[in-house]
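In what follows, a structure is listed as structure tokens, so that the remarks can point back to it.
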Amino acid sequence: MSYLSFEARLAEALAQLAPVELPVDERPALALGRPPRKEMGDLAAPAFEFAKRAKRNPAELAKEWEARVRAALVHETPEWLEVTIRDVKAFGPYLNLFFDPGSLAALVLGDVVAEGATYGQVAPGSGPKIMVEYSAPNTNKPLHLGHVRNNLIGMSLSNLLAAAGNEVIRVNLVNDRGIHICKSMLAYQRFGNGETPESTGEKGDHFVGRYYILFDQLVKEEKATYAQKQGVDLAQFSKDAKKGLEGDALKAREREEEAFDAQFEEASELMGAVREMLRAWEAGDEAVLALWKQMNEWVLSGFRQTYERMGSKFDYWYFESNTWTLGKDLVEKGLETGVFERHDDGSVWAKLESKGLADKVVLRSDGTSVYITQDLGTAVLKHRDYGMDRSIYVVGSEQQQHFKNLFAMLELLEFPWAGGCYHASYGMVTLPHGMGRLKSREGTKVDADDLLDTLHDLALAKIEEGGYAESTDAARETAETIGQGALKMYVLQVSPDKNIQFDPNETISFTGDTGPAVQYSHARIQGILRKGLEQGKVTADQLEGGFLGHGLVDASLLVEAEEQEVLKKLADFGTMIRTSAENLTVAPVANYLLDLTKLYARMYHEHEVLTASSPELMRARVQLALAVAQVVRNGLGILTIDAPERM
RNA sequence: GCCCCCGUAGCUCAGCUGGAUAGAGCAGCGGAUUUCUAAUCCGCUGGUCGCAGGUUCGAGUCCUGCCGGGGGCGCCA
């Protein structure tokens with residue numbers, strides 16, 4: 001029996017013993033938990049539910065419950081009770097159990113050793129099939145800080161769901177067409193002079209991004225010239241100029257600006273050329289398509305490098321260039337069933353009033369489709385391709401309304417799977433006011449590659465300063481592991497709906513509640529094992545699957561309070577995985593690892609492993625340390641963080 | 001104006017779906033260790049959980065209103 005099933009069995013037995021007059025199958029399920037302080041025992045059963053049924057004071061009921069449990073589980077230990085109960089005691093409205101430390105240690109350690117890399121997981125494929133869509137980059141510029149958070153949430157959420165037994169499909173939906181893509185294409189067509197990422201030695205996405213920025217600059221210049229000709233002062237539209245305005249004056253100024261922008265868009269030679277290019281693309285113009293293909297390949301090769309570096313993986317890539325015409329047939333269907341309605345000007349609207357939402361355009365008056373129409377089509381396509389039970393969209397919180405509209409439409413169109421769609425929203429990543437040295441090529445956003453480089457460099461400096469490096473290569477590899485560990489833990493430990501203010505120079509530190517602290521614990525355990533082998537206290541032939549072999553370890557010797565705290569934490573890993581997956585959040589995984597390694601640090605500081613008072617105790621502690629390392633690897637794996645052998 | 005999210009220690013954040021005396025890290029102060037890697041450990045200081053009501057035996061957690069911050073209210077994506 002595993003600890004988890006032991007606890008479930010125990011919960012059942014305790015419920016049966018509760019002093020209420022209820023048939024056994026009508027008794028409420030017990031939610032066992034850990035008492036707030038260890039002096040109060042190892043496991044707590046709340047008496048509230050039973051007290052409510054019995055219409056009694058919970059503390060009194062707990063007192064009576066205590067007596068019955070004492071008679072049945074303490075004095076007469078049934079054979080299924082793998083962890084012996086030493087004592088049971090009512091603390092107010094709680095019934096708390098005190099375990100025999102030795103048998104608890106044996107059960108928990110046995111679980112970790114037996115299950116190893118799968119400890120804490122639910123059997124793969126036993127749950128529903130879930131698709132997770134994340135990343136969703138545009139092919140006109142490199143990935144930035146926002147994409148980093150998106151990828152980290154997407155990757156780790158996928159891993160978490162897989163660990164909880166679900167079949168997970170990871171997909172990317174690449175926005176590779178549209179007016180914004182044509183902008184970088186046009187700039188390259190006019191000013192590229194045939195240069196390539198190979199000829200300039202640039203990463204493909206940065207190469208293309210440079211032309212996107214160039215286009216932006218050219219338009220700005222054109223706009224300034226145009227404004228001058230028209231006798232319009234652009235300065236009046238600046239933030240500073242608007243600061244002095246209030247109410248109607250401000251509104252009037254903003255209307256003026258809008259009108260001028262619209263006028264310029266029409267008159268602009270560059271904008272005209274871009275619109276023309278988009279028309280040519282849609283008409284299948286060969287030269288334009290060839291240029292588009294070439295530039296997309298450059299960008300995508302750059303993305304692949306960044307994904308590879310971060311550990312981002314996808315089972316399938318959807319491209320909007322293939323899906324952008326989808327959805328129109330759904331509109332036809334919706335018109336028939338009255339979900340959609342055609343207005344006099346020819347535009348088609350989704351009637352969302354019944355869902356408490358405002359009506360939404362799905363076809364423009366010229367018959368072309370909008371973003372949500374495509375998304376409708378893509379949703380259907382995904383279900384046709386994979387037939388999943390749930391579909392999770394990892395997309396920023398600014399698109400909350402969009403997904404409410406989308407899911408409402410899918411429901412009104414009566415797709416049976418519509419209820420399984422979920423928007424995994426997350427808050428913005430903002431930069432502090434001054435913005436440090438991590439200015440991006442665009443000047444406003446932090447570039448993902450720059451960010452990874454900066455963290456790598458910070459970690460490398462620390463390694464060199466501490467003299468931890470054995471070779472330059474090893475130092476670089478460790479620096480990469482640590483830099484990413486710091487970033488990933490920092491981003492993932494906060495709940496997704498919070499905005500993050502990200503100061504690359506100050507907020508990522510390597511001490512305290514950080515990724516490197518968790519990694520350090522792992523590295524030190526490996527260090528203990530290495531030292532043990534060196535000193536002959538542990539021999540290679542004693543190791544099986546990374547643990548000391550069966551029969552060499554008497555776990556029941558692990559009775560120190562600090563050891564017990566670690567063991568209980570290890571025991572909770574599986575429950576934590578399950579509830580986190582149910583709640584679709586990885587933050588508890590990150591926080592669990594920080595807690596576990598803190599408890600472990602306290603333990604090994606207090607109780608020496610290799611110099612323990614007896615060889616038996618020494619081996620038991622080695623096994624416990626190895627178990628901690630295993631769970632740290634399992635948890636970090638979910639977060640896509642590497643666990644280094646040394647650092 | 002309407003809708004959504006956030007507000008917990010000086011700072012950055014946890015808080016197990018409503019339970020026991022609200023916890024970490026950083027910063028500050030004071031200690032430990034001739035190390036199993038000091039990227040460590042221990043102690044102290046620090047809280048009207050934005051404010052006001054309400055529901056409940058019990059509220060940081062649920063409801064209502066207000067205040068402050070962010071986002072959204074396109075025939076953009």
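Hydrogens, waters and symmetry mates play no part in the numbers below; they use all other heavy atoms, side chains included. By convention in this document, chain letters (A, B, ...) are assigned in the order of the sequence lines, proteins followed by strands, and residues within each chain are numbered from 1.
- Taking a 4.0 Å limit (strictly below) on heavy-atom distances, residues 610-619 of chain A reaches RNA chain B at A:Leu610.
- From A:Lys360, atom NZ reaches atom NZ of A:Lys351 across 15.0 Å, with rounding to the nearest 0.5 Å.
- Between the P atom of B:A20 and the NZ atom of A:Lys89 lies a distance of 19 Å, rounded to the nearest Å.
- Counting only heavy atoms from C-beta on, A:Ile463 has its side chain closest to B:A39 among B:A39, B:A20, B:C57.
- The P atoms of B:A14 and B:A9 are separated by 12 Å, rounded to the nearest whole Å.
- At distances below 3.5 Å, not a single donor-acceptor pair connects side-chain atoms of A:Ser268 with backbone N or O atoms of A:Phe264.
- Residue-level contact check: A:Pro58 touches neither bases nor backbone, having no heavy atom under 4.0 Å from any strand.
- Under a 3.5 Å cut-off, the side chain of A:His144 and the backbone N or O of A:Gly146 do form a donor-acceptor pair.
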Kindly give the atom pairs (protein nitrogen or oxygen, nucleotide nitrogen or oxygen) under 3.5 Å for nucleotides 25-27 of chain B.
| residue | atom | partner | partner atom | Å |
| --- | --- | --- | --- | --- |
| B:G25 | O4' | A:Asp513 | OD2 | 3.2 |
| B:G25 | O2' | A:Asp513 | N | 3.1 |

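- Put simply, the residue from A:Thr539, A:Leu543, A:Leu529 that forms a side chain to side chain contact (heavy atoms under 4.5 Å, CB included) with A:Leu548 is A:Leu543.
- Of the charged side-chain nitrogens involved, at least one lies within less than 4.0 Å of a carboxylate oxygen, so that A:Arg56 and A:Glu64 count as a salt-bridged pair.
- Under the 3.5 Å distance criterion, with hydrogens and angles disregarded, a donor-acceptor pair is assigned to the side chains of A:Thr368 and A:Asp366.
- With ring centers used as reference points, A:Tyr426 lies 6.0 Å or more from A:Tyr134.
- Residue A:Arg37 places a side-chain atom within donor-acceptor reach of the base of B:U21, judged by atom type and a 3.5 Å distance cut-off alone.
- Looking at heavy-atom distances under 4.0 Å, A:Ala517 makes no contact with the nucleic acid at all.
- Of the candidates B:U37, B:C6, B:A32, B:A32 carries the atom nearest the A:His605 side chain, counting heavy atoms from C-beta on.
- In this entry the distance linking CG of A:Leu352 with P of B:C2 reads 21 Å, nearest Å.
- Across all strands, A:Asp359 comes closer than 4.0 Å to no nucleic acid atom at all (heavy-atom distances).
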Which nucleotides of nucleotides 70-77 of chain B have their base under 4.0 Å from a protein heavy atom (B), which only their sugar-phosphate (S), and which neither (-), written as one string 5' to 3'?
-> SSS--BSB

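- With hydrogens and angles left out, the side-chain atoms of A:Ser321 and A:Asp176 include a donor and acceptor closer than 3.5 Å.
- B:C26 shows a glycosidic angle more than 90° from 0 and is accordingly assigned anti.
- A:Ala523 comes within 4.0 angstrom of a nucleotide base, judged by non-hydrogen atoms across all strands.
- Going from atom CG of A:Asp216 over to atom NE2 of A:His180 covers 13.0 Å, rounded to the nearest 0.5 Å.
- Nucleic acid contact for A:Ser580: none, since no nucleic acid atom lies under 4.0 Å from a heavy atom of the residue.
- Using a 4.0 Å heavy-atom criterion, one finds that A:Pro46 contacts no nucleic acid atom at all.
- Using a 4.0 Å heavy-atom distance criterion, A:His343 is classed as making no nucleic acid contact.
- Across the protein-nucleic acid pair, A:Gln501 atom CD and B:C5 atom P stand 23 Å apart, rounded to whole Å.
- For the pair A:Tyr422 OH and B:C4 C1', the interatomic distance rounds to 13 Å; values are reported in whole Å.
- Shown here are the ring-ring contact (aromatic ring centres under 6.0 Å, His included) partners of A:His607, two or more places apart in sequence or in another chain: there are none.
- Considering OG1 of A:Thr585 and CG of A:Asp497, their distance stands at 8.0 Å, rounded to 0.5 Å.
- B:A27 sits 15 Å from B:C42 when the P atoms are compared, rounded to a whole Å.
- Taking atom C1' on both B:G28 and B:G69, the two are 28 Å apart, rounded to the nearest angstrom.
- Of the C1' atoms belonging to B:G65 and B:U55, the separation is 15 Å, rounded to the nearest Å.
- A gap of 28 Å separates the P atoms of B:C26 and B:U17, to the nearest Å.
- With B:A39, B:C36, B:C6 as the candidates, the nucleotide lying closest to the side chain of A:Val609 is B:C36.
- Looking at the side chain of A:Ala44, the nearest of the listed nucleotides B:U37, B:A39, B:A20 is B:A20.
- We find that CZ of A:Phe48 is positioned 13 Å from C1' of B:A59, with the value rounded to whole Å.
- Of the candidate nucleotides B:U40, B:G7, B:U37, B:U40 has the atom lying nearest to any side-chain atom of A:Tyr604.
- Counting to the nearest Å, the P atom of B:U61 and the CG atom of A:Asn583 are 18 Å from each other.
- Annotation: cation-pi pair A:Lys89/A:Phe91 present, NZ/CZ under 6.0 Å from the ring centroid and within 45° of its normal.
- Atom name P, nucleotides B:C2 and B:G58: the rounded distance is 34 Å, in whole Å.
- Although no hydrogens or angles enter the test, the distance criterion places a donor-acceptor pair under 3.5 Å between the side chain of A:Ser471 and the main chain of A:Ala474.
- To the nearest 0.5 Å, the span separating CG on A:Leu584 from OG on A:Ser425 amounts to 12.5 Å.
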Would A:Thr373 and A:Val348 satisfy side chain to side chain contact (heavy atoms under 4.5 Å, CB included), going step by step from the backbone distance to the final call?
-> CA-CA 11 Å; A:Thr373 322; A:Val348 177; over 6 Å; no

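- Not a single side-chain hydrogen bond (donor to acceptor under 3.5 Å, both in side chains) links A:Arg149 to another residue, sequence neighbours left out.
- Remark: the separation of the P atoms in B:C75 and B:G70 is 26 Å, to the nearest Å.
- The side chain of A:Lys52 contributes no N or O atom lying less than 4.0 Å from OP1 or OP2 of B:U56.
- Taking the P atom of each, B:U45 and B:G53 are spaced 31 Å apart, rounded to whole Å.
- No side-chain donor-acceptor contact under 3.5 Å links A:Tyr520 to the backbone of A:Thr511.
- A salt bridge links A:Glu282 with A:Arg177: the distance from a Lys NZ or Arg NE/NH1/NH2 to an Asp or Glu carboxylate oxygen falls below 4.0 Å.
- Comparing A:Ile500 and A:Glu606 by the nucleotide of RNA chain B that holds the closest heavy atom to each, the one mapping nearer the 5' end is A:Ile500.
- Note on A:Ile482: a base of the nucleic acid sits closer than 4.0 angstrom, heavy atoms only.
- Distance from the side chain of A:Pro516 is smallest for B:A39 among the nucleotides B:U37, B:A39, B:A14.
- Paired runs in RNA chain B that reach 3 or more consecutive Watson-Crick or G-U pairs, where each pair keeps both distances under 3.5 Å, cover B:1-7 with B:67-73, B:10-13 with B:23-26, B:28-32 with B:40-44, B:50-54 with B:62-66.
- The distance between atom OH of A:Tyr490 and atom P of B:U12, rounded to the nearest whole Å, is 9 Å.
- A:Glu39 places its CD atom 12 Å from the C1' atom of B:U21, with the value rounded to the nearest Å.
- A syn orientation is assigned to B:U17, its glycosidic angle lying within 90° of 0.
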